[in-house]
Amino acid sequence: MAIEDPTAIPESPEQVTEYMTAADQLWNDSRTDDAHVLYRSVFNSPVAAAPQSSLSGYRLALYLQTIGDVDGALGYVAYTTEPGTHDLEIALHAEMPDQVVDPSVVPQTMEACERYAQSIVSAFERSDWTTVEALVLAYQDTSIDVGIGRHALMQSFRGPALVHLGRNDEARPVLEYVIANSINDDGLARAHAAMQQIGIQVDDGGNPYETDDSRNLLAGIAAFEGGDEASATIALQSVVDSDAGDSDKGRAHFYLGSMAYHGQRYDEARTHLHAARSTAPEPEQGWTNDILSWRWQEE
């Protein structure tokens, strides 16, 4: 193998391309054990382009499926947009053990999160609103990084459930969160319908809570999740430096802190995370506390 240390994270776009070329050759030669090491390094690289991260994640998921690591495979499926992703996700779900979910227990693995998500949808379809809320509350407390879009999708079931339970005051901020963060058309439709049900008219083609700062925040989060650290930093720092509300600033601090942490800029990371701990909403606040507790033993 030409690359001296395949576990080393590539630090430039040129290195990423070199890793991808070598990994693709190994993959095509059926040397998937060797290829997956390189793909993992690319996937973890902050300078990998979105298409490179997506293909790496997809092939890592395929590799982990072949060795029976369904949970690990699901973790990568969440970050890939390759054409076969949906079919792979269906196959992985079919391999998941049939276990009853307990709303009083927070899911601790990606596989468990997927089982909870399926149970949330099932409870919603049978109009079991109390179970929907309990399951979503457990889901939102997970320490697994499922992504903001996935959290917003789950909250799109909780919001209407709260409306059906007659708890409109609690439902409104949940629905606003969905509208501000969801990229799922069905989830947005549920949120819009529930908002109209409680007497709040929402334009189906827009976001009434959107401002320049909120657009920058969502663009920064999307860039972060796509592995584009440079764009994420610019967008998120603009939120921190703006007149945005404390909640938006808190969220921006969390993602800036996460990037600094993974870049081993620990003093910078700790500063951002302290700011996030004070003002970020859930789930970012919970993730912030987890990092501070694990890395610096801060309670």
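Residue indices begin at 1 and follow the sequence shown.
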Where does the angle between the aromatic ring planes of His164 and Trp129 fall among parallel (under 30°), tilted (30 to 60°) and perpendicular (over 60°)? parallel
Identify the heavy atoms of [X] and [Y] that sit nearest to each other, and give their distance.
{"X": "Ile144", "Y": "Gln108", "value": "CD1-O, 3.3 Å"}
{"X": "Thr109", "Y": "Ala112", "value": "OG1-N, 3.0 Å"}
{"X": "Thr7", "Y": "Asp5", "value": "OG1-OD1, 2.6 Å"}
{"X": "Leu236", "Y": "Ile221", "value": "CD2-N, 4.2 Å"}
{"X": "Gly159", "Y": "Ala171", "value": "O-CB, 3.7 Å"}
{"X": "Ala269", "Y": "Gly257", "value": "CB-O, 3.4 Å"}

4.5 Å side-chain heavy-atom contact, [X] and [Y]:
{"X": "Thr131", "Y": "Ile120", "value": "no"}
{"X": "Phe254", "Y": "His272", "value": "no"}
{"X": "Glu18", "Y": "Glu14", "value": "no"}
{"X": "Leu62", "Y": "Thr66", "value": "no"}

If you apply the rule ring pair (Phe, Tyr, Trp, His ring centres under 6.0 Å), what do you find for Tyr261 with Tyr266, and how did you get there? CA-CA 5 Å; Tyr261 181 83; Tyr266 295 121; 5.5 Å; yes
Just checking, is any N or O donor in the side chain of [X] or [Y] under 3.5 Å from an acceptor N or O on the other one?
{"X": "Tyr63", "Y": "Asp69", "answer": "no"}
{"X": "Ser122", "Y": "Arg126", "answer": "yes"}
{"X": "Tyr39", "Y": "Asp34", "answer": "no"}
{"X": "Arg190", "Y": "Ser156", "answer": "yes"}
{"X": "Tyr255", "Y": "Glu284", "answer": "yes"}

List the steps and the verdict of side chain to side chain contact (heavy atoms under 4.5 Å, CB included) for Glu114 and Arg150. CA-CA 10 Å; Glu114 287 300 306; Arg150 194 67 168 169; 3.2 Å; yes
Where the side chain of [X] meets the backbone of [Y], is there a donor-acceptor pair that is under 3.5 Å apart?
{"X": "His36", "Y": "Asp33", "value": "yes"}
{"X": "Ser45", "Y": "Ser41", "value": "no"}
{"X": "Ser238", "Y": "Ala235", "value": "yes"}
{"X": "Gln15", "Y": "Glu11", "value": "yes"}
{"X": "Thr233", "Y": "Glu229", "value": "yes"}
{"X": "Thr32", "Y": "Ala35", "value": "no"}
{"X": "Thr80", "Y": "Ser54", "value": "yes"}
{"X": "Gln52", "Y": "Ala49", "value": "yes"}
{"X": "Lys249", "Y": "Ser242", "value": "yes"}
{"X": "Thr142", "Y": "Tyr139", "value": "no"}

Residue [X] excluded, over 12 heavy atoms near [atom1] under 6.0 Å:
{"X": "Asp169", "atom1": "CG", "result": "no"}
{"X": "Asp267", "atom1": "CG", "result": "no"}
{"X": "Gln197", "atom1": "CD", "result": "yes"}
{"X": "Asp29", "atom1": "CG", "result": "yes"}

Between [X] and [Y], is there shared hydrophobic-cluster membership here, with clusters defined by ILVMFWY side-chain heavy atoms closer than 4.5 Å?
{"X": "Val121", "Y": "Leu162", "result": "no"}
{"X": "Trp27", "Y": "Ile3", "result": "yes"}
{"X": "Val163", "Y": "Leu137", "result": "no"}
{"X": "Met154", "Y": "Val132", "result": "yes"}
{"X": "Val174", "Y": "Phe124", "result": "no"}

As a quick check of understanding, evaluate ring pair (Phe, Tyr, Trp, His ring centres under 6.0 Å) for Trp287 and His253, giving each step before the final call. CA-CA 12 Å; Trp287 297 337; His253 275 298; over 10 Å; no
Got a second to check how far [X]'s [atom1] is from [Y]'s [atom2], nearest 0.5 Å?
{"X": "Leu165", "Y": "Arg158", "atom1": "CG", "atom2": "CZ", "value": "10.5 Å"}
{"X": "Arg270", "Y": "Leu273", "atom1": "CZ", "atom2": "CG", "value": "10.0 Å"}
{"X": "Met110", "Y": "Leu74", "atom1": "CE", "atom2": "CG", "value": "7.0 Å"}
{"X": "Met195", "Y": "Asn168", "atom1": "CE", "atom2": "CG", "value": "11.0 Å"}
{"X": "Ser56", "Y": "Asp24", "atom1": "OG", "atom2": "CG", "value": "8.0 Å"}
{"X": "Gln155", "Y": "Leu175", "atom1": "CD", "atom2": "CG", "value": "9.5 Å"}

Run the side chain to side chain contact (heavy atoms under 4.5 Å, CB included) test on His192 and Ile179 for me, step by step, so that the C-alpha distance in whole Å, both residues' side-chain angles and the decisive distance to 0.1 Å come before the verdict. CA-CA 8 Å; His192 285 139; Ile179 293 172; 3.9 Å; yes
Verdict with supporting geometry, Asn216 and Asp248, side chain to side chain contact (heavy atoms under 4.5 Å, CB included): CA-CA 10 Å; Asn216 286 333; Asp248 282 353; over 6 Å; no
Check against side chain to side chain contact (heavy atoms under 4.5 Å, CB included), Leu60 and Arg40: CA-CA 7 Å; Leu60 284 165; Arg40 188 173 59 210; 4.0 Å; yes
Could you check Gln237 against Asp241 for side-chain hydrogen bond (donor to acceptor under 3.5 Å, both in side chains), going step by step and ending with a plain yes or no? CA-CA 6 Å; Gln237 189 61 51; Asp241 296 336; 3.1 Å; yes
The single option from Asp290, Ile291, Val106 passing side chain to side chain contact (heavy atoms under 4.5 Å, CB included) against Ser143: Asp290
Flag the pair Arg59 and Glu82 as a salt bridge only when some basic side-chain nitrogen lies within less than 4.0 angstrom of an acidic carboxylate oxygen.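 No, this pair does not count.
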Between Phe43 and Tyr76, is the ring centre distance below 6.0 Å?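 Between Tyr76 and Phe43, which both carry aromatic rings, the centre distance is below 6.0 Å.
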